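See structure below.
Predicted model only: the values in this text are computed from it and were never measured. Below, all heavy atoms of this structure are taken into account, side chains as well, without hydrogens, waters or symmetry copies.
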Amino acid sequence: MLDLIILSTHFFICFLISIAIWRGAKDADLHSSSTGTAETGPDGLIFIGKEEDIKKSGRITAKIDGREIVVFYHEGKFHALDSRCYRKTLAYIISDIDGQACIVCPWHKFKITLETGEGLYEGINPLEPSPTPQWQSKGVKQRTHKLTIDNGSVYVCPPDLSVSFDSDYFAEKYKAGGELAMGK
């Protein structure tokens with residue numbers, strides 16, 4: 001009986017930890033600027049958060065006109081990308097791949113550079129005498145967003161939607177129907 005109680009307690013604690021990780025305690029949700037509640041800064045830029053707060057937490061998630069973006073602070077630089085990658089929310093684990101800081105999609109294991117939004121994969125050239133895997137680019141897959149820092153505040157430029165990226169499809173799908181639309 002004691003073993004059952006200990007096992008149940010262990011399971012419950014693991015469950016609570018997984019919920020805390022899944023919820024992303026470091027995330028914040030800003031109101032959509034389409035509702036008029038988002039703070040607009042210099043030159044039409046949209047306020048994301050205070051520089052020091054983002055540095056402390058390492059990231060912040062925000063909604064800009066219904067589109068979810070995530071701003072990372074990594075190794076002295078700020079980076080902003082769409083937070084949705086091919087259906088799911090991006091992982092917040094940053095890995096160094098071939099000298100580039102990348103986030104890794106938890107569902108598909110896609111590697112996406114923070115700097116450019118390029119998708120990376122490891123491939124070989126079968127024509128080489130002894131082929132060794134090397135990191136290759138799939139091209140830009142994830143929309144990145146331009147950031148501006150002014151007086152300790154971090155702002156993002158509204159996205160230029162005249163150029164399309166793979167992440168746009170899922171960003172728009174989420175915007176239209178939330179999590180339920182993503183499962184379809």
Heavy atoms of other groups near Asp96 CG, more than 12 under 6.0 Å: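 Above 12, so yes.
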Gap separating the OG atom of Ser167 from the CZ atom of Arg143, nearest 0.5 angstrom: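 Those atoms lie 6.5 Å apart.
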Between OH on residue Tyr155 and CD1 on residue Ile46, distance to nearest 0.5 Å: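 Here the interatomic distance stands at 11.5 Å.
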Sequence neighbours left out, what passes side-chain hydrogen bond (donor to acceptor under 3.5 Å, both in side chains) with [X]? Give chain and number order.
X: His79; result: none
X: Ser153; result: Lys50
X: Glu118; result: Thr116, Ser137
X: Lys55; result: Glu51

Joint cluster assignment, [X] & [Y], ILVMFWY side-chain distance < 4.5 Å:
X: Tyr121; Y: Leu81; answer: no
X: Leu161; Y: Val140; answer: no
X: Tyr169; Y: Phe165; answer: no

Connected-component partners of Leu120 among ILVMFWY, side-chain separation under 4.5 Å: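 Its cluster partners, ordered by chain and number, are Ile97, Trp135.
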Qualifying residues under side-chain contact (heavy atoms from CB on, under 4.5 Å), relative to Pro133, sequence neighbours excluded: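 Partners of Pro133 under the side-chain contact (heavy atoms from CB on, under 4.5 Å) test: Glu122, Ile124.
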Minimum heavy-atom distance His74-Ala101, with the two atoms named: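 In this case the closest contact between His74 and Ala101 is CD2-CB, 3.5 Å.
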